[in-house]
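The structure under discussion appears below in the form of structure tokens.
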Amino acid sequence: MVRPRRVALAMVAALALAAMAMPAPAPAHEETTGDITIVHPWSRPAAQGQNGVIYLEISNRGAADDRLIAVSTPLAGRVELHRSTMEDGIHRMEKVDSITVPAGGTVALEPGGLHVMLIDLRFMLMAEETIPVTFSFEHAGDISTGVSVESRGGEGHDH
Ligand SMILES: [Cu+2]
């Protein structure tokens, strides 16, 4: 015979254990201006003088395409938009002038693909910090938000 109360308690205990075993992820956040929403921009820890990276998702609920044309932060000497590719087993990276966000669509900047490159960091980026960044769109204009620095496993950023 099933005893629902005991099952429920066991589930609560299992969930509590699972929560303790996992590092707490940074809370996802969004920032919207006009038709453009930036979803959970994040970066990785990096040393002063080195390059850093920003990943995020951008969605466009408008009826026209928009383009990410520039990114700026006081923390980097220069910021570029990049695309990583794999050709013949070799990681390559190229600079792109802009990143199109299609009407009604979403574009993901993620490890192994499109990313924002922070060149010549003026400060060290430490896990759990939030850094100020402005994303400039052709139509929506500027969106300023905090980018969370996170230590994540998985593919690193190769240059
Ligand atoms: Cu890059």
Side-chain angles (χ1 to χ4, degrees), residues 19 21-159:
M22 285 184 294
H29 62 288
E30 296 186 354
E31 199 72 42
T32 299
T33 295
D35 290 328
I36 295 292
T37 298
I38 279 175
V39 183
H40 194 182
W42 65 283
S43 183
R44 294 185 188 278
Q48 184 182 7
Q50 300 296 304
N51 293 341
V53 66
I54 297 174
Y55 302 114
L56 68 154
E57 243 178 54
I58 309 164
S59 62
N60 178 3
R61 66 176 177 206
D65 293 356
D66 204 344
R67 291 191 304 149
L68 176 63
I69 50 176
V71 179
S72 63
T73 173
L75 275 70
R78 194 166 91 247
V79 184
E80 294 180 356
L81 303 174
H82 283 181
R83 181 199 310 276
S84 294
T85 55
M86 180 78 104
E87 269 174 48
D88 302 325
I90 298 164
H91 281 289
R92 292 178 197 283
M93 208 179 50
E94 61 187 10
K95 192 177 164 191
V96 295
D97 290 334
S98 65
I99 294 172
T100 298
V101 191
T106 296
V107 62
L109 283 66
E110 57 193 2
L114 293 165
H115 56 275
V116 176
M117 182 100 262
L118 307 176
I119 294 162
D120 191 15
L121 287 168
R122 297 191 174 118
F123 302 94
M124 179 181 188
L125 304 186
M126 289 179 19
E128 295 175 32
E129 279 181 337
T130 299
I131 59 176
V133 179
T134 299
F135 299 86
S136 301
F137 292 85
E138 185 178 33
H139 299 303
D142 289 354
I143 302 180
S144 294
T145 189
V147 171
S148 55
V149 182
E150 302 175 15
S151 311
R152 292 200 196 185
E155 193 180 347
H157 188 67
D158 296 318
H159 278 132

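Only this structure's heavy atoms are used, side chains among them; waters, hydrogens and symmetry mates stay out. As the structure lists them, so they are numbered: ligands from 1, and atoms in each ligand from 1.
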NZ/NE/NH1/NH2 to OD/OE distance under 4.0 Å, R92 and E94: no
Distance-minimising heavy-atom pair for V101 and S59: CG1-C, 4.1 Å
At the Cu ion (ligand 1): angle between M117 atom SD and H115 atom NE2, to 10 degrees: 130°
The Cu ion (ligand 1) to nearest N/O/S of S84 less than 2.8 Å: no
Name of whichever N/O/S atom of H82 is nearest to the Cu ion (ligand 1): ND1
Residue pair G52 / M117: nearest heavy atoms and the distance that separates them: O-CE, 3.0 Å
Y55 and H115 aromatic ring geometry - parallel, tilted or perpendicular at 30°/60° bounds: perpendicular
